[in-house]
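A quick write-up on the structure given underneath.
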Amino acid sequence: MRNFDFAPLYRSAIGFDRLAQLFDDAQRNETASNYPPYNIELIAEDKYAITMAVAGFSREELEIESERDTLKVVGRRHKDESQKNYLHRGIAARDFEHRFRLADHVKVVGARLDNGLLHIELMREIPEAYKPRRILIDGENLQLVETQHAA
């Protein structure tokens with residue numbers, strides 16, 4: 001694997017240290033577990049969905065936590081007291097913890113468990129202060145720029 005030197009970025013740009021940290025984290029997470037399998041879907045321009053296959057987990061055994069720029073999904077199985085004699089065991093029954101890095105202003109808006117699939121809905125909500133504004137020359141008022149998207 002190649003190692004990237006971000007020193008030139010630090011010399012000429014301010015505030016991009018988080019981007020460099022994301023690249024460093026991505027290089028280290030190459031050996032991260034792929035359990036449970038999941039999909040990340042772009043629903044609309046500012047809407048996303050994560051779908052995780054969590055067969056065998058109940059609502060009480062799953063925990064979703066969002067803190068700043070990280071979404072953490074944890075599954076902790078309750079220990080089964082009965083001893084079972086499996087001839088073949090193909091269904092994974094292990095605990096997991098998966099972290100997703102969220103972009104600025106991306107919030108979790110809902111979650112549901114349906115037929116063994118955990119659906120997490122996300123939306124980017126840009127605050128009014130960060131939206132583009134039109135500045136009138138020789139004017140005193142700022143106007144919010146309305147962006148039109150072609151259908």
Side-chain angles (χ1 to χ4, degrees), residues 1-79 91-151:
M1 183 70 187
R2 295 181 184 172
N3 290 329
F4 296 100
D5 181 19
F6 294 108
L9 179 66
Y10 291 130
R11 286 193 303 260
S12 61
I14 299 171
F16 288 93
D17 50 333
R18 182 170 173 233
L19 178 65
Q21 184 65 41
L22 284 172
F23 282 125
D24 287 341
D25 291 345
Q27 286 177 348
R28 284 191 206 104
N29 281 342
E30 287 180 353
T31 60
S33 171
N34 290 331
Y35 176 78
Y38 62 90
N39 294 334
I40 301 174
E41 183 179 0
L42 176 64
I43 304 295
E45 183 178 349
D46 290 330
K47 291 180 80 174
Y48 307 90
I50 298 171
T51 304
M52 298 183 83
V54 292
F57 284 86
S58 67
R59 283 176 173 75
E60 296 78 28
E61 296 172 327
L62 296 170
E63 180 180 317
I64 302 170
E65 182 179 305
S66 177
E67 182 180 352
R68 288 190 281 179
D69 64 345
T70 303
L71 171 66
K72 181 171 73 169
V73 181
V74 178
R76 300 271 185 253
R77 297 285 306 231
H78 296 302
K79 302 301 178 208
I91 300 173
R94 61 183 184 263
D95 296 345
F96 69 89
E97 181 175 317
H98 198 91
R99 295 176 188 266
F100 298 92
R101 296 292 295 247
L102 302 177
D104 291 337
H105 313 299
V106 173
K107 308 267 187 274
V108 177
V109 294
R112 71 183 193 285
L113 184 62
D114 184 30
N115 294 327
L117 296 174
L118 176 63
H119 302 276
I120 304 170
E121 299 168 19
L122 303 130
M123 180 176 279
R124 177 180 291 131
E125 298 175 350
I126 300 174
E128 289 294 321
Y130 290 109
K131 291 184 178 177
R133 298 183 184 277
R134 177 169 288 133
I135 301 168
L136 299 176
I137 299 172
D138 296 330
E140 295 181 14
N141 296 334
L142 297 178
Q143 297 177 352
L144 185 63
V145 174
E146 296 295 328
T147 57
Q148 297 178 355
H149 299 287

| Side chains of V54 and V73 in contact at under 4.5 Å (non-hydrogen atoms) | no

| What's the verdict on salt bridge (charged side-chain N to carboxylate O under 4.0 Å, His left out) for R124 and E45, showing C-alpha distance, side-chain angles and the deciding distance? | CA-CA 9 Å; R124 177 180 291 131; E45 183 178 349; over 6 Å; no

| If you look at every heavy atom in P36 and A53, which pair is closest and at what distance? | CB-O, 3.1 Å

| field | 4.5 Å side-chain heavy-atom contact, M123 and K47 | value | yes

| field | Verdict with reasoning, M52 to L62, per side-chain contact (heavy atoms from CB on, under 4.5 Å) | value | CA-CA 11 Å; M52 298 183 83; L62 296 170; over 6 Å; no

| query | Is E121 paired with R112 through a side-chain N to carboxylate O contact shorter than 4.0 Å? | reply | yes

| task | Output the distance between atom CG (L71) and atom NZ (K107), rounded to the nearest 0.5 Å. | result | 12.5 Å

| request: Apply side-chain contact (heavy atoms from CB on, under 4.5 Å) to the pair H119 and D114, showing each step before the final yes or no. | output: CA-CA 8 Å; H119 302 276; D114 184 30; 4.2 Å; yes

| said: Under the criterion side-chain contact (heavy atoms from CB on, under 4.5 Å), I'd like the reasoning laid out for K72 against I64: C-alpha separation, chi angles, the key distance, then a yes or no. | reply: CA-CA 6 Å; K72 181 171 73 169; I64 302 170; over 6 Å; no

| request: Can you measure from CG (L113) to CD1 (I120) and round to the nearest 0.5 angstrom? | output: 10.5 Å

| field | Which atom of R77 lies closest to which atom of D95, heavy atoms considered | value | N-OD1, 2.8 Å

| Which value, rounded to the nearest 0.5 Å, describes the distance between R76 atom CZ and E60 atom CD? | 16.0 Å

| said: Could you measure the distance from the OH atom of Y35 to the CD atom of E97? Nearest 0.5 Å is fine. | reply: 14.0 Å

| Test log, rule side-chain contact (heavy atoms from CB on, under 4.5 Å), inputs I40 and F100 | CA-CA 10 Å; I40 301 174; F100 298 92; 4.1 Å; yes

| request: Measure the spacing between OH of Y48 and CG of L42 and express it to the nearest 0.5 Å. | output: 6.0 Å

| field | Ring centres under 6.0 angstrom apart (Y38, F96) | value | no

| note | d(I50 CD1, N39 CG) to nearest 0.5 Å is 10.5 Å

